[in-house]
Enquirer: 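Take a look at this one; I'll ask things after.
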Amino acid sequence: MPRKNSTDTKIYVLDTNILLHEPHAFLSFKEHDVVIPMTVLEELDYIKDSKKDVARDARVSIRAMEDLLHDATPEDMLAGVSMEGLGAGQTAPSGSLSIFADLNMVEAQQVFTSNENDNRIINVALHLQKTFAPQKVVLVTKDLNMRLKAKGAGLAHVEDYRTDQLITDIKYLSRGFHTFEGNFWDSVKSVDSRSEGRDTIHTIPKSMLPEAYINEFLLDETKQFAGLVEEITDDHLEVLDLGYERLMGRHAWGITPKNIGQAMALHALLDPHIDMVILTGPAGSGKTLLALAAALEMVVERNMYDKIIVTRSTPEIAESIGFLPGTEEEKMLPWLAAITDSLEVLHKHDENTKGSMNYIMEKANIQYKSVNFMRGRSIQNAIVILDESQNLTASQLKTIITRCGEGTKLIVGGNLAQIDSNYLSAVTSGLTYLVEKFKDFSGSATINLDGVVRSRLASFAEENL
């Protein structure tokens, strides 16, 4: 390893799950040195040929490391190959990347003698910590149990991969709206109002809300005012006056909002100028029902789009649908039962609910698709509803978003309290990344739906269990 015993730089030992989460993660450590244990390469080799969705990420990571190391001698790979010139800007790496042959470690150097992969990687970090003291050696892994084991075995520094974390705590996640104390107009020092057609635009000082972003809803506690930030300059905010009662009076496909959160969501969903609507909130807050009602309204009643494509992340990141009988759409039906449940609710008062559902599915051209088969497509003039998105990584969400062509609206829904993925938390979920990355984009809106409206039973369970 270069720069031995340097206290200015650190040595980072990466676990396999870091390279699966972010294939180019080894380039994110600036001036510090990165060590990849041979066990990690073995695990990547095993995963790259599997049928799992992460196999692609494993292959991308292997290729990226091969591009750097292909001219290196075996001695260079063990000593470290400089990563200078591989990145751009302030985050460009200047440290080295090396491979540690942990398979050849003598038993005297091992704290864990069992041959499990996690234990072998921890042994590497402990050996480097002992060899390169006082230089800091940090094990980076998303496996919480592995972090606990490493600490318990005597490793001083263990971290999660935080380079792609845009917030430190989920409570700081953008909610999509801001509520002023008391009456909104009491806090306004100066205002310039104008009419544009049927709309009223207020220009207020930016000092009222310095952290405002485009398409953020503004409310007050008196329930007298509701507005939407349409433009931001250095000194002023341009706010579209929506009117609290008018906002609550919005409806789609027979559905009316039960609270102001649903009203804001419905406004964003029905706005043709917003290309992506992100709905977050607890189970039972109405995310799927509102998305489907708005989609049907825009496809069937208003003829604004040609079809509705419904997709979601399935357990095990979409590997298991092949074992179910039938076509792709039939295989996806068990995972997309939430959509058919919502369709049933929307047509429960019809004389023949099943007949209505079949008619609407055909009329609105509703298609159920697997996330697996979205890559490479170009979806034009459609509404795409992506449900249960909290289980997707940022790169998986990027795959879906970049499929959306001209005239397509994307509705992303998810509950950050119900993450099933082994390596994602509320802070590292792709949904959280999406909310923060797109909050300043004029073509997107985020709404955090408060309150469970499914039933009083669901509401009590959400609050007390």
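Only heavy atoms go into these numbers, but all of them, side chains included; no hydrogens, no water, no symmetry mates. For the single chain, residues carry numbers from 1 onward in sequence order.
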Enquirer: If I compare all heavy atoms of Ala283 with all of Gln418, which pair ends up nearest, and what's the gap?
Expert: CB-NE2, 3.8 Å
Enquirer: Do any N or O atoms from the side chain of Lys189 and from the backbone of Met208 form a donor-acceptor pair under 3.5 angstrom?
Expert: no
Enquirer: Looking only at atom types and distance, does a side-chain atom of Lys287 sit under 3.5 Å from a main-chain N or O of Val412, one as donor and one as acceptor?
Expert: no
Enquirer: Between the main-chain N or O of Phe441 and the side-chain N or O of Tyr213, is there a donor-acceptor pair closer than 3.5 Å?
Expert: no
Enquirer: Is the shortest heavy-atom distance from the side chain of Leu296 to the side chain of Ile366 under 4.5 Å?
Expert: yes
Enquirer: Answer yes or no: is there a donor N or O on one side and an acceptor on the other, between the side chain of Ser389 and the main chain of Gly413, under 3.5 Å?
Expert: yes
Enquirer: Which pair of non-hydrogen atoms, one from Ile383 and one from Ala295, has the smallest distance, and what is that distance?
Expert: CD1-CA, 3.6 Å
Enquirer: Under a 4.5 Å cut-off applied to non-hydrogen side-chain atoms, are Gln135 and Leu128 in contact?
Expert: no
Enquirer: Should the pair Phe180 and His178 be assigned to parallel (<30°), tilted (30 to 60°) or perpendicular (>60°) ring geometry?
Expert: perpendicular
Enquirer: Could you give the distance from CG (Leu431) to OG1 (Thr393), rounded to the nearest 0.5 Å?
Expert: 12.0 Å
Enquirer: Between the side chains of Asn17 and Asp143, does any donor sit under 3.5 Å from an acceptor?
Expert: no
Enquirer: side-chain contact (heavy atoms from CB on, under 4.5 Å) between Thr432 and Val427: does it pass, once the steps are laid out?
Expert: CA-CA 6 Å; Thr432 300; Val427 173; 5.6 Å; no
Enquirer: Just to verify, what does Arg302 make a salt bridge (charged side-chain N to carboxylate O under 4.0 Å, His left out) with, not counting sequence neighbours?
Expert: Glu297
Enquirer: Taking Val138's backbone N and O only, do any of them form a donor-acceptor pair with Glu159's side chain (distance below 3.5 Å, no angle check)?
Expert: no
Enquirer: Would you find a donor on one side and an acceptor on the other, under 3.5 Å apart, between the side chain of Ser444 and the backbone of Val277?
Expert: no
Enquirer: Charged N to carboxylate O below 4.0 Å: is that the case for Glu238 and Arg194?
Expert: yes
Enquirer: Are Phe438 and Thr446 close enough that some pair of their side-chain heavy atoms sits under 4.5 Å apart?
Expert: no
Enquirer: For the atom pair CG (Asp440) and CG (Asn215), what is the distance rounded to the nearest 0.5 Å?
Expert: 10.5 Å
Enquirer: Could you walk me through whether Val239 and Phe184 pass the side-chain contact (heavy atoms from CB on, under 4.5 Å) check?
Expert: CA-CA 12 Å; Val239 179; Phe184 171 76; 5.6 Å; no
Enquirer: What orientation do Phe29 and Tyr161 show, parallel under 30°, tilted 30 to 60°, or perpendicular over 60°?
Expert: tilted
Enquirer: Rounded to the nearest 0.5 Å, what separation is found between the CD1 atom of Ile18 and the NZ atom of Lys142?
Expert: 5.5 Å
Enquirer: Tell me yes or no: between the side chains of Thr9 and His32, is some donor less than 3.5 Å from an acceptor?
Expert: no
Enquirer: Nearest 0.5 Å please: distance from the NE2 atom of His251 over to the CG atom of Leu270.
Expert: 9.5 Å
Enquirer: Using only atom types and a distance under 3.5 Å, with no angle test, would you say the side chain of Gln390 pairs donor to acceptor with the backbone of Asn415?
Expert: yes
Enquirer: From Ile201 CD1 over to Leu228 CG, what is the distance, rounded to the nearest 0.5 angstrom?
Expert: 9.0 Å
Enquirer: Within the 4.5 Å heavy-atom criterion, are Ser61 and Met65 side-chain neighbours or not?
Expert: yes
Enquirer: Can you tell me if Glu216 uses its side chain to pair, donor with acceptor, with the backbone of Arg175 under 3.5 Å?
Expert: no
Enquirer: Please find the pair of heavy atoms, one from Leu139 and one from Ala150, that lie closest to each other, and give the distance.
Expert: CD2-CB, 3.8 Å
Enquirer: For Leu269 and Ile411: C-alpha separation, side-chain torsions, deciding distance, then whether side-chain contact (heavy atoms from CB on, under 4.5 Å) applies.
Expert: CA-CA 8 Å; Leu269 288 165; Ile411 304 170; 3.6 Å; yes
Enquirer: I would like to know whether Asn365 and Asp306 meet side-chain contact (heavy atoms from CB on, under 4.5 Å); could you show each step before the answer?
Expert: CA-CA 7 Å; Asn365 193 6; Asp306 297 334; 5.9 Å; no
Enquirer: Would you compute the distance between atom CD1 of Ile379 and atom CZ of Arg403 and round it to the nearest 0.5 angstrom?
Expert: 8.0 Å
Enquirer: Phe225 versus Val188: any side-chain heavy-atom pair under 4.5 Å?
Expert: no
Enquirer: Testing Leu237, Ile232, Ile204 one by one against Leu209 for a side-chain contact (heavy atoms from CB on, under 4.5 Å), which residue passes?
Expert: Leu237
Enquirer: Between Val60 and Pro23, which heavy-atom pair has the shortest distance, and what is it?
Expert: CG1-CB, 3.6 Å
Enquirer: Are any of the side-chain heavy atoms of Ile447 and Phe217 separated by less than 4.5 Å?
Expert: yes
Enquirer: Looking at Glu406, is its backbone amide N or carbonyl O close enough to the side chain of Gln380 to form a donor-acceptor pair, meaning the two atoms are under 3.5 Å apart?
Expert: yes
Enquirer: Show the nearest heavy-atom pair for residues Lys307 and Gln367, with the distance to one decimal.
Expert: CD-NE2, 3.6 Å
Enquirer: Decide salt bridge (Lys or Arg N to Asp or Glu O under 4.0 Å) for Asp33 and Lys10; before the verdict, give the C-alpha distance in whole Å, the side-chain angles of both, and the deciding distance to 0.1 Å.
Expert: CA-CA 6 Å; Asp33 299 321; Lys10 302 173 188 173; over 6 Å; no
Enquirer: Would you check if His157 and Val137 make a side-chain contact, meaning some heavy-atom pair closer than 4.5 Å?
Expert: no
Enquirer: Could you tell me if the side chain of Phe177 sits less than 4.5 Å from the side chain of Asp450, heavy atoms only?
Expert: yes
Enquirer: Checking side-chain contact (heavy atoms from CB on, under 4.5 Å) between Gln262 and each of Leu289, Leu290, Thr256, which is the one that passes?
Expert: Leu290
Enquirer: What closest approach, in Å, do Ser94 and Ser82 show between heavy atoms, and which atom pair accounts for it?
Expert: O-OG, 4.4 Å
